Novice: 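Please find one structure pasted underneath; my questions will follow.
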Amino acid sequence: MPELPEVETVVRIIRPHLVGRTITAARFSIPRQLHPQTPRELLRAVKGRVIRSVTRRGKYILIELDNGTLLVHLRMTGRLYVRPSSIPPDPHERASFSLDHSGDVLALRDPRTLGTIRFFPAQAVIEPLAAIGVEPLEDTTDFDALFDRVTRHTIAIKPLLLNQTLFAGIGNIYASEALWQAGIDPRKPAGRLTRPQFRKLADSIRKVLLRAIERGGSTLKDFADPEGRAGSYQKEFVVYGHEGEACSRCGIPIVKIVQAQRSTYFCKGCQKG
DNA sequence: CACTAATCCTGGACGC
DNA sequence: TGCGTCCAGGATTAGT
């Protein structure tokens with residue numbers, strides 16, 4: 001479910017409810033989601049610890065404690081939210097952390113149980129983040145270096161955008177949307193992108209993601225922000241899910257293809273670059 | 001490196 | 001109403 005804008009939305013909303021709070025208890029119903037740790041080990045690591053910060057890196061959520069970091073990934077259907085303990089847990093709630101004082105609960109709802117939670121001690125390397133690529137919204141990127149890395153590949157640009165070691169946080173929806181914005185054929189081999197094309201693509205990615213964050217992310221089936229409100233960016237999808245409809249730029253019907261076992265939506269009329 | 005398929009799962013949509 | 005099939009925002013791995 002969640003790509004960068006949805007994860008960013010979640011982080012912004014839960015952060016003020018979490019920072020400074022102490023975790024007093026925790027429950028986990030699907031041990032596999034904690035692998036390689038056990039529920040007992042994770043509980044022992046977090047109980048009594050104070051939450052220092054809540055941040056995002058790519059699609060990962062980092063909950064920094066006074067003794068280490070909880071690394072949460074929502075995968076396809078995960079939702080992370082804070083609820084009052086007076087509200088009963090959703091049937092699909094797979095993990096919960098009780099917080100001191102207000103009686104709030106930080107909860108992971110995840111019907112497909114593909115999401116993950118892991119704890120890394122303070123001095124440990126957070127290995128899943130080691131190879132994560134550049135943050136698309138930050139302007140500190142060494143553009144030439146990234147261009148060189150991207151154009152080293154021969155695979156099509158769209159599936160390459162899903163590779164988290166280049167741009168971090170782009171998922172299946174925003175990959176299609178950004179390529180349409182940039183007028184680039186998703187089937188084009190990455191190595192054949194010109195420097196101006198890649199520049200335009202990077203700009204389009206930033207614009208699409210920023211706009212989606214403004215809209216509170218996209219809501220398809222499972223995503224709602226932690227306060228239960230839905231994001232609305234899906235109303236602005238130009239190609240994703242619009243197979244057969246006329247392209248808003250050139251009028252040619254949007255087509256759906258499959259690349260690397262994932263759906264890609266694009267316009268053959270105006271994505272010829 | 002790249003392509004393909006399979007895997008981890010549940011549930012909603014759709015066709016009959 | 002019920003059942004079978006397909007599909008889904010992600011990521012990893014095995015085999016070719």
Side-chain angles (χ1 to χ4, degrees), chain A residues 1-11 28-36 56-61 71-80 90-95 108-118 127-133 136 148-178 186-192 205 208-209 212-213 215-226 230-237 239-244 256-265:
Chain A
M1 151 228 142
E3 305 182 30
L4 189 153
E6 291 75 36
V7 177
E8 179 65 24
T9 299
V10 166
V11 164
F28 311 102
S29 58
I30 312 283
R32 174 175 41 74
Q33 296 188 277
L34 314 181
H35 187 267
R56 177 192 61 74
R57 179 79 174 91
K59 297 172 192 169
Y60 284 98
I61 297 167
L71 190 68
V72 179
H73 197 301
L74 301 175
R75 294 291 183 101
M76 300 284 266
T77 55
R79 282 175 50 184
L80 195 64
D90 181 280
H92 296 302
E93 203 167 288
R94 312 300 191 191
L108 172 69
R109 176 189 188 273
D110 187 4
R112 287 174 68 179
T113 72
L114 298 175
T116 59
I117 303 176
R118 281 181 69 182
E127 155 267 319
L129 300 185
I132 290 285
D148 288 344
R149 287 181 61 202
V150 165
T151 53
R152 195 177 301 156
H153 291 264
T154 58
I155 66 166
I157 183 61
K158 191 272 186 170
L160 186 65
L161 288 178
L162 302 183
N163 178 339
Q164 300 297 298
T165 69
L166 297 165
F167 285 109
I170 300 173
N172 206 40
I173 292 175
Y174 297 106
S176 282
E177 294 294 315
R187 300 166 299 183
K188 189 180 182 82
R192 293 227 285 270
I205 288 167
V208 166
L209 296 179
I213 291 170
R215 302 278 82 203
S218 305
T219 302
L220 295 181
K221 289 185 174 62
D222 301 294
F223 179 72
D225 73 37
S232 63
Y233 188 74
Q234 71 280 2
K235 295 173 185 166
E236 300 181 25
F237 289 169
V239 287
Y240 189 87
H242 289 278
E243 183 185 14
K256 174 185 174 179
I257 62 173
V258 175
Q259 296 178 288
Q261 285 77 245
R262 312 294 302 278
S263 296
T264 298
Y265 296 86

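What you see is a predicted model; the values in this text were computed from it and never measured. Convention: sequence-line order gives letters A, B, ...; per-chain numbering from 1.
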Novice: Using whole Å, report how far CE of Met76(A) lies from C1' of dG9(C).
Specialist: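 Value for this atom pair: 6 Å.
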Novice: Between dA6(B) and dT5(C), how far apart are the P atoms? Round to whole Å, please.
Specialist: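 Result for the P pair: 16 Å, nearest Å.
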Novice: If you look at every strand shown and take non-hydrogen atoms under 4.0 Å, does Thr116(A) touch a base, only sugar-phosphate, or nothing?
Specialist: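 Contact class for Thr116(A): none.
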Novice: Just how far, in rounded Å, is P of dT4(B) from CZ of Arg262(A)?
Specialist: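 The answer, rounded to whole Å, is 15 Å.
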Novice: In residues 156-172 of chain A, which ones come under 4.0 Å of DNA chain C, going by heavy atoms?
Specialist: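 The answer is Gln164(A), Gly171(A), Asn172(A).
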Novice: Could you state the atom-to-atom distance from CZ of Arg75(A) to C1' of dG9(C) in whole Å?
Specialist: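 Taking CZ of Arg75(A) and C1' of dG9(C), I get 12 Å after rounding.
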Novice: What's the CZ-P distance between Arg112(A) and dG12(B), to the nearest Å?
Specialist: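 Nearest whole value for this atom pair: 12 Å.
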Novice: With sequence neighbours left out, write down each residue that passes side chain to side chain donor-acceptor pair (under 3.5 Å) with Arg32(A), or none if nothing qualifies.
Specialist: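 Residues passing side chain to side chain donor-acceptor pair (under 3.5 Å) with Arg32(A): Thr113(A).
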Novice: Expressed in angstrom and rounded to an integer, what is the separation of Arg32(A) atom CZ from dC9(B) atom C1'?
Specialist: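 After rounding, the reported distance stands at 6 Å.
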Novice: Round to a whole Å and report the spacing from OH of Tyr60(A) to P of dG9(C).
Specialist: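 Value for this atom pair: 18 Å.
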Novice: Taking only Watson-Crick and G-U wobble pairs with both distances under 3.5 Å, what dot-bracket line describes DNA chain C, where [ ] shows pairs that cross earlier ones and | shows pairs with another strand?
Specialist: .|||||||.|||||||
Novice: What is the distance, rounded to the nearest whole Å, between atom CG of Asp110(A) and atom C1' of dA11(C)?
Specialist: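 It is 14 Å, rounded to the nearest whole Å.
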Novice: Base, sugar-phosphate alone, or nothing: which one does Ile155(A) contact when heavy atoms must sit under 4.0 Å apart?
Specialist: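 Sugar-phosphate contact only - Ile155(A) comes under 4.0 Å of backbone atoms but never of a base.
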